[in-house]
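Chain letters run A, B, ... following the sequence lines, proteins first and then strands; every chain starts at 1.
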4 protein chains.
Amino acid sequence: MLCKRWSRRKEARPQEILEAALALFVQKGYAATRIEDIAREAGVTRGTPYLYFANKEEIFKAVIRELLLPEIEEASAQLANFQGNAAGLLRELVQLWWKTMGETSLSALPKLMIAEGGNFPEVLDVYEREFIHPGQSLFRRVLEMGIASGEFRPVNVEQTIDVLAAPIVMAMLSRSGNVPCGNLAADPQAYLDSFIDVALGGLLARPGEVACTAPE
Amino acid sequence: MLCKRWSRRKEARPQEILEAALALFVQKGYAATRIEDIAREAGVTRGTPYLYFANKEEIFKAVIRELLLPEIEEASAQLANFQGNAAGLLRELVQLWWKTMGETSLSALPKLMIAEGGNFPEVLDVYEREFIHPGQSLFRRVLEMGIASGEFRPVNVEQTIDVLAAPIVMAMLSRSGNVPCGNLAADPQAYLDSFIDVALGGLLARPGEVACTAPE
Amino acid sequence: MLCKRWSRRKEARPQEILEAALALFVQKGYAATRIEDIAREAGVTRGTPYLYFANKEEIFKAVIRELLLPEIEEASAQLANFQGNAAGLLRELVQLWWKTMGETSLSALPKLMIAEGGNFPEVLDVYEREFIHPGQSLFRRVLEMGIASGEFRPVNVEQTIDVLAAPIVMAMLSRSGNVPCGNLAADPQAYLDSFIDVALGGLLARPGEVACTAPE
Amino acid sequence: MLCKRWSRRKEARPQEILEAALALFVQKGYAATRIEDIAREAGVTRGTPYLYFANKEEIFKAVIRELLLPEIEEASAQLANFQGNAAGLLRELVQLWWKTMGETSLSALPKLMIAEGGNFPEVLDVYEREFIHPGQSLFRRVLEMGIASGEFRPVNVEQTIDVLAAPIVMAMLSRSGNVPCGNLAADPQAYLDSFIDVALGGLLARPGEVACTAPE
DNA sequence: CATGAATGAGCATTCATTCAT
DNA sequence: TATGAATGAATGCTCATTCAT
């Protein structure tokens, strides 16, 4: 007010408001977050968010649409073109996922959807279409490739996709503030390593194993 | 409604109110649930919840304390005395967990804590103490037993605990209404089978494997 | 409840309820007094007052009508037949007033009327008709008698009535709980003595005084 | 209402709300006064009082602190420097008291304290410290001065203070709406004249009086 | 563009009152 | 008669939203 706090361009405003909103929605939940909280966090006053967004619900939707969807797309693009054998792919997929979705603001998404999804069905649809399904496709691709090449055991692909996704989602949740997830939050990387270790152990076919299980 | 005001026993009322509250808190979240919603769901009117609980926050805490904690304890008691070899134990642990915590109202707990934990720190403490830690202990016990007997590979126990917990928590979340968890919700049992399949595959030591990795 | 608390006759009930109500109305005010407070104070439960009184307002009116009006009448009867010279009458009037109205539950009346009168106009009318006017009549009688006999100076009777009433009302107020009235509450009797001392000093005509004012 | 939302200055609002609150608290009592009443009386809507005061109780305290205490201080300052002989001082004290405390909004104070004091003990303390005690000091000063100079009879000073205060408090009460105080309300000035007449008559020592009473 | 005073609908909570037992 | 669980209107308070500046 006195000094020029808003020397940054006006174009930055909506973005700043959405970032403030994201942080608070994740921290306190949608209903418990007041517009004034968002405004203060964004360094503006009560009326300003309404210059850019029609109402609170639109702010929530815009957080998803304007902040998180673009990040999803960016992350998806990076995830699209990894290569190598199935085990390597899986390893790389998990690591890249973490780098692009776990260590960015995208990690807020699961908590947001778990907590608020029920009150925003359309947003839930978007989430499923833009995040869940693409994510499943990535794992499906790796699993099918590995099974086809004989590198992986012939597991139930659709169920296994979600088994593999669970620890990653958990790791994302662990970054969303006061979400209790055991002690994985302390060292997500070690957690992911253990996850890959167990998962690959569980997936890889081994020479002797064919004789071990099939004959039974 | 007009005729039988006393049809249900007074002693049943608090329980009914808490059950209504649990359902709505899970469905819509704490803040978005109005006392009147809870009352209507419980078949009473606005004032009645206040005959038994001081205010909305106390209703939330009572849901945890009166409804869920006793179920946790009951489930823990059942989980305490399973037996057999490590693989069997793990299988049994997961199945029993699901039966006692997944298919009961306890499945609401993770969603509740993820969504509302940040606003109820004391409740979060209780959750960690009464649910997270005992659950981790169960897995720790199985893992240490299996590793000690040579049945399991020597994995990082603490991290693996949380890896194994993730799919189960996910399965619990899948039962909490509009929580998006891929397609595991359709057939949790099949999901858990795949999970055990992959997990055991990843944990079991195999004869040839020692030669396979160690000598390298 | 367990033992027979209500061994006292049922006829005592309404009276007990009114006494409880009077105490609480004086202590906390009409609006801040809950029916349940009254019931508990009277040793009954929520519903019982409604067996005897239609609603809270009727309880208030009954407190005035059933408890205080009879006491007023009794006191008036005693005050009616005092005798002697004017000075003695005044002295006796004040003393008797205090004994019958100050040291009984009647002392509650001024506080009740000051605090609640505005919300109960009919009660205020009763108060004026049954308490204020008779009281003024008593003082008027003494003053007129004293002036007529030359014992008192010729003061403005109507105004002086209220001047003389003020300290007595004050003394009554001092007995109604947390009413701040200086330090008169500590020893009302001494206060009344000082009052009579000053008042008589101010009223009595004296030999030399006639010459002092009349000739002018 | 529709057109000029900002016609009155923001700084005036709290004051206006407090004045409305004072009027209503005196008229109907604290509990019976709804925030909406206050708001309407102040020409604003339900939410506005909460922009300036945390809750209803704070409005009550602010009425005392912000409206009445400053007036007390102002009045005290005026009362502090009267002069003359004791009889003149007393006369002047009463008149000035009336002008500064009876004919201003301060006249509300006694009714407020009598009616609500019991529910606001801290406010009662303030009242006693800031109003009662200073007022007693003024009378004490005059009485002691008069007695010391031989102008007044040697009365019990502490009790007489409260005797002299009673009619003034009564006169203040008579201005607080439906408070029943006899017919003094019609002409407070005449009432105060009669009061001074009687009081001075009762206090002044007279030449012949020493002989008149002592020898008996 | 931005502000923040004001609005008023919405919800938590209280409590006088009812009525089945 | 007496009880006390239940009711629901009333009211304190919050906060999304508006709009004059």
Open item on the list: Checking B:Val126 now: which residues fulfil side chain to side chain contact (heavy atoms under 4.5 Å, CB included) with it, not counting sequence neighbours?
Closed with: B:Leu69, B:Arg129, B:Glu130
Task: Contacting residues from residues 54-67 of chain B, given that a heavy atom lies under 4.0 angstrom of DNA chain F - done: none
Task: Residues forming a side chain to side chain donor-acceptor pair (under 3.5 Å) with B:Glu41, sequence neighbours excluded - done: none
Task: Partner residues of C:Glu58 under the side chain to side chain contact (heavy atoms under 4.5 Å, CB included) criterion, sequence neighbours left out - done: C:Ala54, C:Asn55, C:Lys61, C:Arg65
- [ ] Could you give me the stems involving DNA chain E, meaning stretches of three or more consecutive Watson-Crick or G-U wobble pairs whose two defining distances are both below 3.5 Å?
- [x] E:2-21 with F:2-21
Task: Any pair counted as salt bridge (Lys or Arg N to Asp or Glu O under 4.0 Å), so long as it reaches residues 21-36 of chain C, sequence neighbours left out - done: C:Lys28-C:Asp37, C:Arg34-C:Asp37, C:Glu36-C:Arg40, C:Glu36-C:Arg46
Return a table of donor-acceptor pairs under 3.5 angstrom between the side chains of residues 20-27 of chain D and protein atoms on other chains or two or more places apart.
none

Open item on the list: If the condition is ring-ring contact (aromatic ring centres under 6.0 Å, His included), which residues does D:Phe53 pass it with, not counting sequence neighbours?
Closed with: none
- [ ] Identify, with sequence neighbours excluded, every residue that meets side chain to side chain donor-acceptor pair (under 3.5 Å) alongside A:Glu66.
- [x] none
Could you go over nucleotides 8-10 of chain E and give all protein N or O partners under 3.5 Å, atom names and distances?
unit_1, atom_1, unit_2, atom_2, d
E:dG10, O6, D:Arg46, NH2, 2.7

Open item on the list: For A:Tyr50, give me all partners under ring-ring contact (aromatic ring centres under 6.0 Å, His included), at least two apart in sequence or on another chain.
Closed with: none
Open item on the list: Please enumerate all residues that pass side chain to side chain donor-acceptor pair (under 3.5 Å) together with B:Glu71, with sequence neighbours excluded.
Closed with: B:Thr104, B:Ser105
